[in-house]
Amino acid sequence: MKSLNFKILLILLVISNSTFAQEDIYKKRVERYQAVWQKLIPRYTKFQFAGSMGMLSLGTGWNYGKDHWETDLLFGLVPRNADRHAMATFTLKQNYYPWSVPVGEHFSLEPFSCGMYLNTLLDNDFWVKNPERYPKGYYSFSTKVRIHVFAGQRITLHLKRPRRYNKSISLFYELSSCDLYIISAATNKYLRPKDYLSLSFGLKLQIL
């Protein structure tokens with residue numbers, strides 16, 4: 001009888017340990033999923049004026065790598081002018097901030113930033129590959145996609161007591177140029193910096 005009770009107790013312990021092990025595996029799996037989804041949540045909102053991505057661009061992004069790296073997704077607007085309708089743009093932007101220097105109690109300065117971005121016009125009047133109506137090689141570049149490089153600076157106000165949704169507010173400026181402008185500047189000596197450089201200004205609201 002005692003032997004039977006011991007066997008039953010042993011079986012119950014094995015079942016209990018197996019149940020706890022399965023619950024532990026499930027809990028760790030849920031935690032991994034939650035960690036992945038947490039990383040996918042955008043960390044900030046960004047506004048940018050000019051920069052060859054539209055007169056005004058609005059988007060969101062993620063900072064990582066001890067806040068040295070940022071990735072932006074931006075939608076911009078090119079206003080209507082005399083000979084063309086208004087157009088929308090989409091920009092994928094990669095930023096790098098190698099240093100952050102504290103300035104007083106509430107501010108920090110990123111004295112140098114750099115990066116690159118891909119910008120495209122969301123309009124059927126432009127193309128990535130030459131349409132059939134043009135001879136082969138008529139255009140040696142895409143009229144729809146531009147590759148840009150930039151450098152700039154940024155200053156950030158850190159909110160010690162975050163109000164509403166913002167942890168910090170940053171102001172920045174950038175000087176940029178695109179692949180086509182850089183080639184033109186290298187092959188046309190009469191061009192001046194104002195012809196191939198674009199100045200832009202922006203605002204970043206850090207949420208998380």
Side-chain angles (χ1 to χ4, degrees), residues 26-79 86-123 144-179 197-208:
Y26 174 76
K27 183 179 179 181
K28 289 181 179 179
R29 184 181 300 170
V30 170
E31 289 175 349
R32 285 198 298 268
Y33 279 125
Q34 289 176 338
V36 170
W37 283 109
Q38 284 290 332
K39 291 180 180 179
L40 293 177
I41 298 174
R43 316 317 261 188
Y44 56 81
T45 301
K46 184 173 285 188
F47 305 85
Q48 185 160 334
F49 176 77
S52 296
M53 60 176 70
M55 185 182 75
L56 182 64
S57 298
L58 169 65
T60 188
W62 301 261
N63 45 347
Y64 46 92
K66 297 183 179 179
D67 294 337
H68 291 301
W69 295 92
E70 291 181 359
T71 301
D72 303 337
L73 297 178
L74 302 162
F75 286 93
L77 175 66
V78 179
M87 293 177 289
T89 69
F90 173 72
T91 302
L92 173 62
K93 186 179 181 186
Q94 185 66 42
N95 313 277
Y96 178 57
Y97 298 88
W99 309 289
S100 180
V101 181
V103 181
E105 184 179 355
H106 301 289
F107 290 89
S108 64
L109 173 68
E110 283 85 12
F112 176 74
S113 66
C114 61
M116 64 180 298
Y117 53 93
L118 296 176
N119 174 258
T120 182
L121 284 162
L122 305 177
D123 194 286
K144 195 177 184 71
V145 180
R146 294 268 66 80
I147 303 173
H148 299 253
V149 292
F150 71 89
Q153 292 181 318
R154 183 171 72 180
I155 188 167
T156 299
L157 168 63
H158 300 278
L159 303 175
K160 296 300 183 181
R161 295 181 179 179
R163 298 180 180 180
R164 296 186 180 179
Y165 302 108
N166 299 328
K167 292 176 62 178
S168 65
I169 300 173
S170 302
L171 297 174
F172 64 89
Y173 78 89
E174 295 170 355
L175 278 174
S176 63
S177 188
C178 70
D179 49 358
L197 292 179
S198 177
L199 177 64
S200 61
F201 300 91
L203 173 69
K204 174 193 166 191
L205 304 176
Q206 187 76 34
I207 303 170
L208 297 177

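One-based numbering along the sequence shown.
- The distance between the ring centers of Y97 and H68 does not fall below 6.0 angstrom.
- Residues L109 and R154 are not in side-chain contact: their nearest non-hydrogen atoms beyond the backbone lie 4.5 Å or more apart.
- A donor-acceptor contact shorter than 3.5 Å links the side chain of T120 to the backbone of K144.
- Tested against Y44, the residues N63, N166, D72 include a single side chain to side chain donor-acceptor pair (under 3.5 Å) partner, D72.
- Taking the ring centroids of F201 and F49, they lie at or beyond the 6.0 Å cut-off.
- With Q94 contributing its side chain and T71 its backbone, the two residues share no donor-acceptor pair below 3.5 Å.
- Looking at T91, its side chain never comes within 3.5 Å of a backbone N or O of N119 through a donor-acceptor pair.
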- Check the pair K204, Q206 against side chain to side chain donor-acceptor pair (under 3.5 Å), reporting the backbone distance first and the verdict last. CA-CA 6 Å; K204 174 193 166 191; Q206 187 76 34; 2.9 Å; yes
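- Panel note: side chain T60, backbone T45; no donor-acceptor pair is recorded below 3.5 Å.
- By the 4.5 Å heavy-atom criterion applied to side chains, M87 and T89 are not counted as neighbours.
- For the pair W69 (side chain) and N95 (backbone), a donor-acceptor distance under 3.5 Å is absent.
- S176 places no side-chain N or O within donor-acceptor distance of the main-chain N or O of V149, the cut-off being under 3.5 Å.
- Atom CE of M53 and atom CG of L118 lie 10.5 Å apart (nearest 0.5 Å).
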- Task: Take H158 and S108 through the test side chain to side chain donor-acceptor pair (under 3.5 Å) and record every step on the way to the result.
- Result: CA-CA 8 Å; H158 300 278; S108 64; 2.8 Å; yes
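- A salt bridge links K46 and E70; the closest N-O separation between the charged side-chain nitrogens and carboxylate oxygens is under 4.0 Å.
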